[in-house]
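Report on one structure; see the data block that follows.
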Protein chains: 2
Amino acid sequence: MIVKTLEDSCDVFHLEAAKVSALKSTLLGDSSVVALAETFKVLGDTTRVRILDALSRAELCVCDIARLLGLSESAVSHQLRLLRGMRLVRPRREGRMIYYTLDDQHIVGLFKQGLEHVQERFRTGRGV
Amino acid sequence: MIVKTLEDSCDVFHLEAAKVSALKSTLLGDSSVVALAETFKVLGDTTRVRILDALSRAELCVCDIARLLGLSESAVSHQLRLLRGMRLVRPRREGRMIYYTLDDQHIVGLFKQGLEHVQERFRTGRGV
DNA sequence: TGCATATATGAACACATGCTCATATATGCA
DNA sequence: TGCATATATGAGCATGTGTTCATATATGCA
């Protein structure tokens with residue numbers, strides 16, 4: 001639903017008051033906005049993208065992830081803590097080792113959709 | 001495709017060398033990872049989420065956005081510059097004013113999918 | 001029990017980020 | 001042309017973020 005602009009003075013709104021309040025009421029609520037931004041923020045880091053991508057394909061322990069991606073085990077552990085906190089990843093203890101897997105199906109979907117966006121961006125001219 | 005772990009010594013890998021290289025080759029490439037993280041990073045801020053959400057519903061000029069969302073025009077302008085740079089948003093000049101719209105359909109899809117994730121998170125116990 | 005190893009955690013530090021404030025640019029109109 | 005207004009931009013600052021390094025915890029095994 002597109003609301004057309006009607007007036008031309010920026011002292012107040014360019015939109016009619018009625019349209020403004022209509023628009024305002026359709027906007028995402030605060031909690032949704034916060035949760036959405038928080039979700040995207042977690043995905044907005046190359047290290048976490050790599051970890052989640054790897055875990056979407058195999059159950060891996062901390063040191064495997066570290067080796068596979070060329071990261072320190074501490075760095076991986078810190079990131080896993082964050083991802084655990086957001087329930088994106090789930091640990092499974094087996095002896096001394098702790099194996100992690102992806103614990104949220106939406107991540108794969110978001111990655112897929114994000115990649116479509118990225119690829120169209122390449123197709124339509126502008127690179128990274 | 002899930003690769004099962006096989007060995008138990010973290011000196012090297014817990015996975016067989018063959019499985020490791022197989023896994024390695026299925027991982028997202030560097031440029032994809034970078035572009036993906038960059039995309040999510042832009043979406044990982046409440047101000048930008050709000051702006052993009054508003055622009056997905058109406059074409060708005062800078063000061064309308066500022067008023068609608070309770071932000072300074074400067075802050076909005078800075079964010080729009082970023083969003084413009086990433087081609088998520090497109091300006092249209094009309095006299096002194098510049099109207100912005102969403103210039104990327106994937107954003108709406110990503111928001112939708114992100115919200116599904118968020119809502120399931122609420123349903124399954126843990127809040128924000 | 002005591003040692004080795006896998007993971008977790010805390011502090012510290014370098015760097016990024018988003019805002020504000022001041023100023024520049026651009027358009028419309030008298 | 002000159003002034004008012006809409007937007008853009010740059011500098012500066014407070015805050016946030018991701019890593020490393022040192023250390024803690026936990027498990028397996030001799």
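Fair warning: this is a prediction, and the values are worked out from it, not measured in the lab.
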Round to the nearest Å and state the distance from [X] atom [atom1] to [N] atom [atom2].
{"X": "Leu80(B)", "N": "dA6(D)", "atom1": "CG", "atom2": "C1'", "answer": "13 Å"}
{"X": "Leu71(A)", "N": "dT19(D)", "atom1": "CG", "atom2": "C1'", "answer": "10 Å"}
{"X": "Leu82(B)", "N": "dG18(C)", "atom1": "CG", "atom2": "P", "answer": "7 Å"}
{"X": "Asp45(A)", "N": "dT17(C)", "atom1": "CG", "atom2": "P", "answer": "11 Å"}
{"X": "Phe40(A)", "N": "dG16(D)", "atom1": "CZ", "atom2": "C1'", "answer": "20 Å"}
{"X": "Ile65(B)", "N": "dA8(D)", "atom1": "CD1", "atom2": "P", "answer": "9 Å"}
{"X": "Leu83(A)", "N": "dG18(D)", "atom1": "CG", "atom2": "C1'", "answer": "13 Å"}
{"X": "Glu94(A)", "N": "dT27(D)", "atom1": "CD", "atom2": "C1'", "answer": "13 Å"}

- Taking a pair as Watson-Crick (N1 to N3 plus N6-O4 or O6-N4) or G-U wobble (N1-O2 and O6-N3), both under 3.5 Å, which stems of 3 or more consecutive pairs involve DNA chain D? C:1-30 with D:1-30
When you get a sec, tell me which of [options] is the closest nucleotide to the side chain of [X]?
{"X": "Arg93(B)", "options": "dA26(C), dA6(D), dA8(D)", "value": "dA26(C)"}
{"X": "Gln79(A)", "options": "dT19(D), dA8(C), dG28(D)", "value": "dT19(D)"}
{"X": "Ala75(B)", "options": "dA8(C), dC19(C), dT7(C)", "value": "dC19(C)"}
{"X": "Tyr100(B)", "options": "dC19(C), dA8(D), dT20(D)", "value": "dA8(D)"}
{"X": "Ile98(A)", "options": "dT17(D), dT7(C), dA4(D)", "value": "dT7(C)"}
{"X": "Val62(A)", "options": "dA8(C), dG18(D), dT9(D)", "value": "dA8(C)"}
{"X": "Arg48(A)", "options": "dA8(D), dG18(D), dA6(C)", "value": "dG18(D)"}

Using a cut-off of less than 4.0 Å, is there contact between a side-chain N or O of [X] and OP1 or OP2 of [N]?
{"X": "Lys41(B)", "N": "dT17(D)", "value": "no"}
{"X": "Arg96(B)", "N": "dA4(D)", "value": "no"}
{"X": "Arg81(B)", "N": "dT7(D)", "value": "no"}

- Query: Of all heavy-atom pairs between Ser72(A) and Ala75(A), which one has the smallest distance, and what is that distance?
  - Reply: OG-N, 2.9 Å
- Task: Mind listing the closest non-hydrogen atom pair of Leu110(B) and Gly114(A) along with its distance?
- Result: CD2-N, 3.9 Å
- Do Arg84(B) and Tyr100(B) have a side chain donor and acceptor closer than 3.5 Å? yes
- Identified side-chain contact (heavy atoms from CB on, under 4.5 Å) counterpart of Pro91(A) within the set Asp103(A), Ile98(A), Thr101(A): Ile98(A)
- Scan Ser77(B) against the nucleic acid and name what it touches under 4.0 Å (heavy atoms): base, sugar-phosphate only, or nothing. base
- Task: Please work out which of the three classes, parallel, tilted or perpendicular, describes the rings of His106(A) and His117(B), given edges at 30° and 60°.
- Result: perpendicular
- Message: Can a donor-acceptor pair be found, under 3.5 Å and without considering hydrogens, that links the side chain of Arg93(B) to the backbone of Gly95(B)?
- Response: yes
- Heavy-atom nearest nucleotide on DNA chain D taken for Gly95(A) and for Thr47(A); more 5' hit belongs to Thr47(A)
- Query: Is any N or O donor-acceptor pair between the side chain of Ser74(A) and the base of dT9(C) shorter than 3.5 Å?
  - Reply: yes
- Message: Suppose we call a contact any N or O donor and acceptor under 3.5 Å apart; does that hold for the side chain of His78(A) and the base of dT17(D)?
- Response: no
- Query: Salt bridge check: are Glu116(A) and Arg121(A) linked by an N-O gap of less than 4.0 Å?
  - Reply: no
Side-chain donor-acceptor distances from residues 46-55 of chain A under 3.5 Å, at least two apart:
{"residue": "Arg48(A)", "atom": "NE", "partner": "Val42(A)", "partner atom": "O", "Å": "2.7"}
{"residue": "Arg48(A)", "atom": "NH1", "partner": "Gln79(A)", "partner atom": "OE1", "Å": "3.0"}
{"residue": "Arg48(A)", "atom": "NH2", "partner": "Lys41(A)", "partner atom": "O", "Å": "3.4"}
{"residue": "Arg50(A)", "atom": "NH1", "partner": "Asp30(B)", "partner atom": "OD1", "Å": "3.1"}
{"residue": "Asp53(A)", "atom": "OD1", "partner": "Arg57(A)", "partner atom": "NE", "Å": "3.0"}
{"residue": "Asp53(A)", "atom": "OD1", "partner": "Arg57(A)", "partner atom": "NH2", "Å": "2.7"}
{"residue": "Asp53(A)", "atom": "OD2", "partner": "Leu28(B)", "partner atom": "N", "Å": "2.8"}

